[in-house]
Amino acid sequence: MRTIDENNRDYRFRISATESQLMGVVTDLPRRSTRLQARNNHAIKSNGSRGGPQQNDRRQIKEEEGDEVEGQTLLVVKSRQPKLAKPPTAPTQRRLISYLKTTSACRIPPIHAPRFGLVQERLSDNLYELLVAAMLWNRTRGMQAKPVFLALIQRYPTLDHLAKANFSELADLIRPIGLYNSRAKRFLLFAQAWLSSPPSKERRYRRMHYPSAGDGKDVGPTEVLDENDTREGWEIAHLPGIGPYALDSFRIFHRDMLRGLAKDWEGTGAPPGFEPEWKRVNPSDKELKAYIRWRWLKEGYIWDPSSGRKLYGKYPSLRKLEELGDAYVEWNDGREPALLRWLYDHPSFPEMRNNPRVICDAMDEYAAQHNFLINIGPDKAEKVAALISEKKPKIFVELGGYVGYSALWFGNALKNAHKDSTGDGEQAVYWSLEADPVFAGIAMNLVDLAGLGDVVKIVTGKAADSLSRLKEEGKLTMVDMLFLDHIEDLYVTDLKVAESLALLKKGSTVVADNVLRPGAPDYKKYVEQHPSFETRAIKGLIIPGEFGDEIEVSEYTA
Ligand SMILES: C[S@@+](CC[C@H](N)C(=O)[O-])C[C@H]1O[C@@H](n2cnc3c(N)ncnc32)[C@H](O)[C@@H]1O
């Protein structure tokens, strides 16, 4: 049954999901639940040693929640995820995963999946059902809201039915998800308000502080905006029970249809150049955020949920992160030797010899286009290089050299900082301490290629051991600039090693990377509370990705 007046877009009598379709979902439920249950029981058994009952319960809830109407799709997603080995050496630093975690804990389908798994995707062409679902899903687990939604839509298939509902019958139906009296009241008010003033493109209403704090102040509380009014207002904002979650759902999944701009929320049938409404939404709800990020990815863009910015496909390498989520490995999976071969095959290879910046640029290209590299990246490297030009350290020590990016960039800066000085004759040295012999080998190769062999010395071994050994051998008596970039959990321990070896002196500077992402809170606290350090943070970006981070710069004053 489908009755709609296409001209005035009156949604009063519109039904898109027939009763039989809904019944199909309802009768399908026990079978899916049994399957899910069996899978979860298996998961609980096989993970029993790791999780404990509470964790397993949570996992079960999450899986059922994620299932929504799309259970089958998500099952396929799970089984298709490639299994990647964890790096065999030090713990992963997970700088990119921390970006994913700023949004949603739910599983993200691969970009080729036809649907994400939100209930709204199924209900997009029926505004009544879409809003009822959004009101029920708001602050309720999907697994709880879904049966109530199905029962409600069966009992009250149209807005007319809902408006005439018996209060206690409606409340009884909503009882399983709680707050049933207030919710039932709100549903009745919602239906009545809709009947007296149906959502229409000709009438928009203010919603204070939506989408952002302070928005809506320019519209009066009872004012109705017509189509020509350029102020912001929303066609459903006058309906009781409609909060930001329902408004965002409406904008993403239906608004363009209500306004007669497109046949669906993806802009089908709209003229070329049309921008669908979903592209302008930056929802506060984490599942909707995850949906928008996934949807942008399908368009070829990485969308940053904290700023709502999209990164114009600059970083194809990050697709792997989005596709694999938690299974993503960010280093030591063969990409580093592959990088070395790639550099030697690069069309600009002839210009790389004796030119550290050309090598670093090519490494940036590799990181952006092919495989993320866990080096400091160009944005933060510029900032540290500026410190080197300003402070002109003679002895620079870095803990965690990886494949030599920072050693090339900063070694070059160190060389340049001293190139005109007559000085005391003491040669500037850049000590790069790297635990992994394969990474250290690649770094040695690149240092040689860059022509920095006279300045940069790569030392293989754990930083703490190498510091002690170099001190003992008389090769390192003090440090002008110490760069911590190995493992955030070792920053305090290894700084204490440097202190205990009396390597720091008045005027020494300690620079620590990744203090915000993945984060080094203990280190930050340590330098802030240390009587001999004056410390400050410099903002910078992790590239690829342009994710915000901080470098901590601490001057030793003792
Ligand atoms: C973030 S990367 C360093 C990036 C490098 N500074 C750059 O910007 O090009 C961290 C490196 O620290 C190394 N590492 C981990 N633990 C270490 C330790 N205890 N001593 C020295 N290096 C270590 C890892 O093998 C990895 O190569």
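Counting starts at 1 for both ligands and their atoms, in listed order.
The F439 neighbourhood of ligand 1 comprises atoms 25 (O), 27 (O), with distances under 4.0 Å to a heavy atom of that residue. Proximity to I487 (heavy-atom distance under 4.0 Å) selects the following atoms of ligand 1: 15 (C), 16 (N). Near I376, with a cut-off below 4.0 Å to any heavy atom, the atoms of ligand 1 are 7 (C), 8 (O). Residue-ligand proximity, E398 to ligand 1, at heavy-atom distances under 4.0 Å covers atoms 6 (N). Residue N375 approaches ligand 1 through these ligand atoms, each under 4.0 Å from one of its heavy atoms: 4 (C), 7 (C), 8 (O), 9 (O). Atom numbering of ligand 1 starts at 1 in the shown order; those under 4.0 Å from a heavy atom of Y405 are 9 (O). Numbered from 1 in the order shown, with element, the atoms of ligand 1 that lie under 4.0 Å from a heavy atom of K462 read 20 (N).
For the ligand labelled ligand 1, residue L399 lies outside the 4.0 Å heavy-atom shell. Residue contacts with ligand 1: W331 is included, with a non-hydrogen atom under 4.0 Å away.
Contacts between V403 and ligand 1, counted as non-hydrogen atom pairs separated by less than 4.0 Å, are absent for every part of the residue.
Distance alone, capped at 3.5 Å, places no donor-acceptor pair between the R357 side chain and the N412 backbone. Proximity of a side-chain donor or acceptor of E434 to a complementary backbone N or O of D436 within less than 3.5 Å is detected. A donor-acceptor distance shorter than 3.5 angstrom exists from the side chain of S317 to the backbone of A367, with no hydrogens or angles considered.
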Let's go through Y430 and E398 carefully: what are the C-alpha distance in whole Å and the side-chain angles of both, what is the deciding distance for side chain to side chain donor-acceptor pair (under 3.5 Å) to 0.1 Å, and is it a yes or a no? CA-CA 8 Å; Y430 189 101; E398 84 171 336; 3.0 Å; yes

Give the C-alpha distance, both sets of side-chain angles, the deciding distance and a yes or no for salt bridge (Lys or Arg N to Asp or Glu O under 4.0 Å) between D480 and K505. CA-CA 8 Å; D480 292 313; K505 59 174 178 55; 3.0 Å; yes

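In this structure, the ring-ring contact (aromatic ring centres under 6.0 Å, His included) partners of Y366, at least two apart in sequence or on a different chain, are W342, H370.
Considering T493, L467, D485, D494 only, the shortest heavy-atom separation from atom 6 (N) of ligand 1 involves D485. Looking at E336, K380, E434, H486, it is E434 that brings a heavy atom closest to atom 26 (C) of ligand 1.
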Extract all donor-acceptor atom pairs below 3.5 Å that involve side chains of residues 444-458 and protein atoms in other chains or at least two apart in sequence.
residue	atom	partner	partner atom	Å
N445	OD1	Y344	OH	2.5

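Considering backbone and side-chain atoms together, A463 places an N or O closer than 3.5 Å to an N or O of ligand 1. Here's the thing with A435: one of its N/O atoms is less than 3.5 angstrom from an N/O atom of ligand 1.
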